[in-house]
Amino acid sequence: MTLKVHDNLRRFILRPALILAACSAAGLCFGARAQQQAPPSDAGESPSAIDAEEIAPSEQMGEPDDLNAADIANAVGEAEAEMDGGLPEQPAEILQVPAAATNAVVQHIDHPQGLELWKKAKLSGGVYVAKTPSGREARLTIEPKLQGSMEKLLRMYRPVGAAVVALDPKSGKVLALAEYGEGSVTKQIYPAASIFKIITGAALLEKGVDPDVETCYHGGVHRLVGKLLQDKPNLDRRCLSLSMALAKSANVVFAKMAVKHLDADDLRKSAERFLFNRPIFDQPVEQSRAQIPDSGLDFARSAAGFGEVKLSPMHAALIAASVGNAGVAMEPSVLDSVNGEPVEPTGSMRLLNPETAATLRDMMKLTVSQGTATPVFRDRHRNVLGDIEVAGKTGSLSVHKAPFKDYSWFVGFAPADDPKIAVAAVVVNGLKWRVHAPYIAREALKAYLVGGPLGQPPVARFKHYKRRRKHHG
């Protein structure tokens, strides 16, 4: 039986943390503070992938991240979409929120929150509304057309699981929340894969690495092994800059650069700045987990996006939104107004300095214009979103132990220079895939910024699992 996305979402029991007394009485926030009134305001070839033989048997295997028409036709994990992002003219005001210690645990209590209201929301007069426990009318931020498009897409293609989160980067208002099958917008049940390259890229930039200086390499198209991390001038005949390595999701380049310029503490600190291993504001969202090895090949693999890192779609959307919002993450909220009184943005945290965010934004633009997402954002030689620039990052990873699962990601924002929407989409497929996350994210951006009918996704293909299983063990 096909689950209805909206109904599936509404069955979640959410437990927020550290609830303020006033919010507890009214029960109006998505996060713990949303009830408050306004506060003071080479190149060209497929990049490398990590081979399953180099990882413990039956563990995860990274798929190549470079997306092109041939890849779409031949492999599940290679369809990734990327979007352009931008900086607002006036950065958001920063309200200091103390960072939690790494691996800190959030203590949750029962409390009706914004997502609790969303579970019982109804469309009325073209907006979603719900009654608070005290009987007041809450108008929600969810955009009906965007939400309806996402629910329709997920029902049409029926993946094993999927989740989509869309936010306004400048205010934190939640624009869409959709789930299907095993999908969850708040649980960290998805391997981050190459989305983690955003975190590694930020760490490299803040270490002073020039995004335009090239790193040369050899091998790494099918697997990443220790000897590929060493410079070999007579063999290293392909070169990519950090910018193009992010755009093409070149694992071997990220691995080499991380080993050269970073240590484990650098990468751990970058991950924590991006809200890994710590509470995500006071939200009822599971902490995303990032385990960074101390050194060696395991450290290099983690930096390239194939370590023990789990990520929730809500967190992924916040990562994209913060890059688009000059490095500032705004606390998500599903409340637009209560009894007609606007609910203003609440908390915010600076994850990046504005210069690093601006450079990351420009690097992520290349993903759409020249990288892994280019085929997804073009149709019949035209840009699907017209003149609107998109910035983003793709990710893919396959788990080959039974039951086989293929994960695809897209995170990004648009328009690039003045973002109105940030989106995170994750799709889980089995042996046969019907749709991938980059297409879902593209359609979310299109529905919100352009409108019009749904576009066509790449043609579905079977995963050649038996052959690959034999090869990769």
Side-chain angles (χ1 to χ4, degrees), residues 30-31 80-89 91-92 141-143 146-147 149-150 163-178 185-186 190 192 195 197-199 201-202 274-275 280-281 283 285 288 311-334 345 347-352 354 356-358 360-365 367-368 373 376-377 385 388-395 409-426 437-438 440-450:
F30 173 54
E80 304 183 330
E82 315 249 315
M83 311 188 227
D84 283 9
L87 294 171
E89 294 180 0
T141 61
I142 304 296
E143 290 289 334
L146 176 60
Q147 180 71 25
S149 294
M150 294 302 97
V164 183
V165 176
L167 305 172
D168 180 336
K170 298 175 185 176
S171 68
K173 290 185 176 181
V174 179
L175 305 175
L177 294 168
V185 298
T186 60
Y190 306 101
I195 302 305
K197 285 185 173 75
I198 296 174
I199 284 73
F274 275 97
L275 305 179
I280 298 177
F281 293 95
Q283 300 285 356
V285 178
S288 296
L311 180 63
S312 72
M314 180 63 76
H315 184 187
L318 278 173
I319 290 173
S322 69
V323 177
N325 194 39
V328 177
M330 301 297 294
E331 183 172 16
S333 173
V334 299
S348 62
M349 285 188 278
R350 179 167 289 285
L351 309 187
L352 294 167
T356 302
L360 272 177
R361 173 203 63 194
D362 292 340
M363 291 164 62
M364 292 167 71
K365 286 182 183 180
T367 305
V368 176
V376 172
F377 279 85
L385 272 68
I388 298 174
E389 282 192 295
V390 179
K393 184 70 193 82
T394 60
W409 274 102
F410 175 87
V411 304
F413 52 94
D417 296 324
D418 186 19
K420 303 294 192 300
I421 178 174
V423 65
V426 62
I440 297 293
R442 181 196 84 182
E443 291 302 297
L445 295 172
K446 179 171 172 280
Y448 190 69
L449 297 173
V450 180

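Basis for what follows: all heavy atoms, side chains included, without hydrogens, waters or symmetry-related copies.
- Partners of A444 according to the side-chain contact (heavy atoms from CB on, under 4.5 Å) rule, which considers only residues two or more places apart in sequence or in another chain, are L146, M150, V423.
- Take S149 and apply the side-chain hydrogen bond (donor to acceptor under 3.5 Å, both in side chains) test, not counting sequence neighbours, and it matches no residue.
- Here CD1 of I319 is found 4.0 Å from CD1 of I199. Values are rounded to the nearest 0.5 Å.
- Here the closest non-hydrogen pair linking A163 and P313 is CB-CG, 3.7 Å.
- Two residues are said to be in side-chain contact when any heavy atoms from C-beta on lie closer than 4.5 Å; D417 and R361 meet this criterion.
- How far NZ of K197 is from CE of M364: 13.0 Å, rounded to the nearest 0.5 Å.
- Nearest heavy-atom pair, F274 versus A202, reported as atom, atom and distance to 0.1 Å: CE1-CB, 3.7 Å.
- Counting all heavy atoms, side chain and backbone alike, H315 lies closest to S288 at ND1-OG, 2.7 Å.
- Between I421 and A166, the shortest heavy-atom contact is CD1-CB, 4.0 Å.
- Remark: the backbone N or O of D168 is not paired with any side-chain donor or acceptor of K170 at under 3.5 angstrom.
- Nearest heavy-atom pair, L318 versus M330, reported as atom, atom and distance to 0.1 Å: CD2-O, 3.4 Å.
- Here the side chains of I388 and P415 are in contact, with some heavy-atom distance below 4.5 Å.
- Between L275 and M349 the shortest heavy-atom distance is CD2-CE, 3.5 Å.
- From I280, atom CD1 reaches atom CE of M314 across 9.0 Å, with rounding to the nearest 0.5 Å.
- For K446, the side-chain hydrogen bond (donor to acceptor under 3.5 Å, both in side chains) test picks out no residue, with sequence neighbours left out.
- Residues meeting the side-chain contact (heavy atoms from CB on, under 4.5 Å) test with A317, sequence neighbours left out: V165, L167, A424.
- At least one side-chain heavy atom of I198 sits less than 4.5 Å from a side-chain heavy atom of V411.
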